[in-house]
Amino acid sequence: MAPGDVQSKDLSDGQAITTVEGADVEVTINADGIFINQAEVTGPDNLANNGVAHIIGAVLIPPDFVAPEPAAISEEDV
């Protein structure tokens, strides 16, 4: 998620966008479409009360994300 009201027409190839978490994502625009990092924008410009949502074909995971360890399951839990 990035702050602001940015429609697809406002994006440019190579543009860096800072997310609300502080990480940057990169816009790629080419003959194949519009991409955020490597995720294709499949549904651009969905207007909402609080901005614009762009549907992408992947989940963006922050580069420093560490998945939590799964909880141990004992026989009593089964």
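Between Pro3 and Val20 the shortest heavy-atom distance is CD-CG1, 3.8 Å. Closest non-hydrogen pair, His54 versus Val41, comes out as CB-CG1, 4.2 Å.
Taking the side chain as every heavy atom from C-beta outward, Glu40 and Ile56 never approach each other to under 4.5 Å. Put simply, the side chain of Asp13 does not reach to within 4.5 Å of the side chain of Asn30, judged on heavy atoms. Annotation: side chain of Gln38 is not in contact with side chain of Thr28 (no heavy-atom distance under 4.5 Å).
With hydrogens and angles disregarded, a donor-acceptor distance shorter than 3.5 Å links the side chain of Asn37 to the backbone of Glu26.
Placement of Val25 and Val27 within a single hydrophobic cluster is found when ILVMFWY residues are connected by side-chain heavy-atom separations under 4.5 Å, directly or transitively. Hydrophobic clustering (ILVMFWY, side-chain heavy atoms < 4.5 Å, transitive): Val59 and Ile36 are in distinct clusters. Under a hydrophobic-cluster definition in which Ile, Leu, Val, Met, Phe, Trp and Tyr are linked whenever side-chain heavy atoms come within less than 4.5 Å, directly or via other members, Val52 and Ile17 are assigned to different clusters.
Rounded to the nearest 0.5 angstrom, Leu60 CG and Glu21 CD are separated by 10.5 Å. Atom CG of Asp45 sits about 8.5 Å away from atom NZ of Lys9, to the nearest 0.5 Å.
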Ile34 and Ser8: CA distance, side-chain angles, deciding distance, side-chain contact (heavy atoms from CB on, under 4.5 Å) verdict: CA-CA 8 Å; Ile34 301 172; Ser8 59; 4.0 Å; yes
